[in-house]
2 protein chains.
Amino acid sequence: MKLHVSPDIFPPRGHEAKRLSIVDSAATVFCREGFAGANIDLIAAEAGVSRQTIYNHHGDKEKLFVAVVRDLTERCNAGIFATIATFPDRPNDLEADLIGFAVRLNQNCICNRDGKCLRKLIQTEGERYPELFAEWREQGPGRTWPAIAARFARLAYGGYLSIADPDVAARQFLGLVNAELQTTFMLGGTPREDEVVQSATNGVRTFLRAFGKRPAPSSAKKHTALANA
Amino acid sequence: MKLHVSPDIFPPRGHEAKRLSIVDSAATVFCREGFAGANIDLIAAEAGVSRQTIYNHHGDKEKLFVAVVRDLTERCNAGIFATIATFPDRPNDLEADLIGFAVRLNQNCICNRDGKCLRKLIQTEGERYPELFAEWREQGPGRTWPAIAARFARLAYGGYLSIADPDVAARQFLGLVNAELQTTFMLGGTPREDEVVQSATNGVRTFLRAFGKRPAPSSAKKHTALANA
DNA sequence: GACGATTTAGACAAGAGTGTCTAAATTTGT
DNA sequence: ACAAATTTAGACACTCTTGTCTAAATCGTC
């Protein structure tokens with residue numbers, strides 16, 4: 001009588017569950033050890049399946065690796081678009097809202113397990129699988145960056161910002177809010193939340209000094225957007 | 001009776017040359033294949049020495065790896081400090097001078113062979129050798145970033161910039177001028193020169209919008225620094 | 001409870017890589 | 001040219017890993 005066992009996953013809940021569990025553990029091990037250093041037996045142990053099951057599902061090590069990257073790309077993309085949906089279109093407090101967005105982006109998409117794994121795999125194996133990671137580049141940054149740029153363009157159109165090239169601004173926004181986390185990211189570490197907030201705060205302030213509309217000394221035509229809502 | 005054997009060069013002249021050649025080739029192979037994937041025979045072949053010579057010099061694979069990272073850190077640091085020495089202290093054209101500095105930093109220290117190798121090794125093996133790369137963090141960013149910050153502080157003191165926290169400004173400068181190269185760096189690629197110039201130009205312009213002293217609409221006291229030299 | 005599909009453990013062959021050893025060849029200093 | 005140090009090539013033992021195979025155990029479903 002197992003009435004309240006977690007209905008979702010952990011125990012072998014069938015064929016597809018095992019496939020998931022395998023890809024999941026493989027992501028962890030590939031991320032930690034790299035492709036060459038990863039050991040199928042270790043992946044099997046971590047996934048709680050036998051080695052043979054992995055071969056049954058995925059054929060060989062390389063196909064398993066490809067499945068892992070595709071899976072991570074898809075999940076990360078979903079997370080990023082979900083976060084982009086929280087972009088402040090009609091900000092009350094522009095600075096605070098942009099800082100919040102930057103922190104969410106970092107915590108939910110870059111510093112989480114999937115984001116960390118995918119980043120590591122791109123860094124370590126990017127040169128070995130050009131076509132696979134070219135695909136990632138198109139599906140990942142190739143779609144998310146323009147989406148972010150579009151949000152900044154809307155902010156500019158609404159009079160909140162003064163932006164010449166939204167694509168450049170979007171990339172620079174990401175560069176700024178991550179400026180203080182670069183070293184940690186390079187070493188594969190995970191920054192503490194207060195570090196993320198600090199970097200985002202500093203980054204957004206600089207971003208607004210560059211692209212914000214100064215209310216005081218401007219002589220340009222007046223922009224009414226700041227007064228609405 | 002060895003009267004004047006220099007105490008430094010006990011072993012013959014070719015000895016040290018071989019050591020160099022080994023570390024050099026090892027850097028290339030470790031960078032390309034990662035630690036686990038690197039093959040001592042391949043390193044030996046690429047260095048033009050026998051495998052046994054590598055073991056004579058470095059003991060084992062791990063010690064060789066450590067020697068490679070130390071060597072790269074030292075050489076990259078030297079390059080970065082040499083480039084920092086070209087930082088514009090009394091700029092004629094602030095924008096152009098900062099763009100030039102950013103491009104030099106990228107081309108001579110980040111995109112060159114040593115820089116690319118070191119970055120890759122940090123990314124791929126950073127978690128496996130915490131103390132080794134902690135050492136890099138101290139010797140590398142821990143020393144170069146404050147040096148750059150000091151130069152920005154001097155620019156601010158000279159009236160060319162308006163900076164509250166030079167350390168933050170330095171990190172953001174680096175984040176901005178590299179903002180458009182992130183994806184390429186992640187994949188282990190080398191950006192074309194025009195991409196580097198483009199990213200640096202966009203980055204410096206934004207940096208100056210945030211930290212530059214506006215000559216035109218300002219009502220503040222005039223700053224004479226721009227007129228000298 | 002029974003049947004078919006899936007999973008499992010373990011053995012296995014084949015290949016690759018590390019690190020050691022030895023004897024011969026080469027280089028270096030005098 | 002000689003003697004010492006160094007380098008070399010190759011063989012070697014050992015370990016580790018991948019991918020296959022088989023027979024038994026387990027699971028899902030009726």
Side-chain angles (χ1 to χ4, degrees), chain A residues 1-2 5-26 28-68 124-125 128-129, chain B residues 1-26 28-68 124-125 128-129:
Chain A
M1 258 109 196
K2 33 207 169 144
V5 288
S6 318
D8 291 313
I9 18 175
F10 302 177
R13 183 62 177 170
H15 191 73
E16 195 55 26
K18 274 197 197 304
R19 181 176 227 108
L20 253 281
S21 169
I22 290 170
V23 173
D24 223 48
S25 304
T28 303
V29 176
F30 279 136
C31 171
R32 196 173 59 227
E33 317 279 353
F35 180 83
N39 180 316
I40 301 276
D41 287 321
L42 192 57
I43 295 174
E46 199 140 329
V49 304
S50 76
R51 179 175 58 233
Q52 186 58 46
T53 301
I54 294 185
Y55 285 105
N56 287 346
H57 276 276
H58 293 99
D60 66 13
K61 194 180 180 182
E62 188 152 330
K63 291 202 192 72
L64 173 60
F65 180 78
V66 171
V68 166
T124 56
E125 311 296 339
R128 197 185 312 281
Y129 299 89
Chain B
M1 267 9 140
K2 26 202 167 144
L3 295 173
H4 58 297
V5 283
S6 316
D8 318 296
I9 47 176
F10 291 15
R13 196 189 35 155
H15 191 73
E16 195 57 25
K18 275 197 198 304
R19 182 177 225 106
L20 254 280
S21 167
I22 291 169
V23 174
D24 224 48
S25 304
T28 303
V29 176
F30 278 135
C31 171
R32 196 172 59 225
E33 318 278 352
F35 180 82
N39 179 317
I40 301 274
D41 288 321
L42 193 57
I43 295 174
E46 201 141 328
V49 304
S50 77
R51 179 176 59 234
Q52 185 58 46
T53 300
I54 293 184
Y55 285 105
N56 288 344
H57 275 276
H58 292 99
D60 65 15
K61 193 180 180 182
E62 188 153 329
K63 292 203 191 73
L64 173 60
F65 180 77
V66 171
V68 165
T124 56
E125 312 296 339
R128 196 186 312 281
Y129 299 89

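Naming convention: chains lettered A, B, ... in sequence-line order (proteins, then strands); numbering from 1 in each chain. Here the structure is a predicted model, which means the values were calculated and not measured.
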The nucleotide from dT17(D), dG19(D), dT8(C) with an atom nearest the side chain of S50(A) is dT8(C)
When rounded to whole Å, the CD to P distance for the pair E62(B) and dG17(C) reads 19 Å
message = Is any side-chain heavy atom of E33(A) closer than 4.5 Å to one of N39(A)?
response = no
note: I54(B), atom CD1; dT18(C), atom P; distance rounded to Å ~ 10 Å
Is any side-chain nitrogen or oxygen of T53(B) closer than 4.0 Å to OP1 or OP2 of dT6(D)?
no
Between K61(A) and Q52(B), whichever has its closest DNA chain D nucleotide further toward 5' is Q52(B)
Atom CZ of R51(A) and atom P of dC16(D) are separated, to the nearest Å, by 14 Å
I40(B) CD1 to dA9(D) P, in whole Å, measures 16 Å
ask   = If you look at every strand shown and take non-hydrogen atoms under 4.0 Å, does G37(A) touch a base, only sugar-phosphate, or nothing?
value = nothing
Sorted by position of nearest nucleotide on DNA chain D, 5' first, the leading residue of A36(A) and G48(B) is G48(B)
Assign A44(B) to base, sugar-phosphate, or nothing according to its heavy-atom contacts below 4.0 angstrom with the strands shown.
nothing
When rounded to whole Å, the NE2 to P distance for the pair H58(A) and dT7(C) reads 12 Å
From NZ of K63(B) across to P of dT18(C) the rounded distance in Å is 15 Å
- Looking across every strand, which nucleic acid part, if any, lies under 4.0 Å from H57(B) by heavy atom: base, sugar-phosphate, or nothing? sugar-phosphate
Does F35(A) offer a backbone N or O that forms a donor-acceptor pair with the side chain of K61(A) under 3.5 Å? yes
May I ask you to evaluate whether K18(B) reaches the phosphate of dT8(D), defined as a side-chain N or O under 4.0 Å from OP1 or OP2?
-> yes
Q) Would a 4.5 Å heavy-atom cut-off, applied to side chains only, mark E125(B) and F65(B) as touching? A) yes
Atom CG of D41(B) and atom C1' of dC12(D) are separated, to the nearest Å, by 14 Å
Hey, is the main chain of A17(B) close enough, under 3.5 Å, to the side chain of S21(B) for a donor-acceptor pair? no
- Task: Return yes if some donor-acceptor pair links the side-chain N/O of K63(B) with the main-chain N/O of H57(B) below 3.5 Å, else return no.
- Result: no
dT6(C), OP1 or OP2 - any side-chain N/O from N56(A) closer than 4.0 Å? no
Whole-Å distance, Y55(B) OH to dA13(D) C1', equals 14 Å
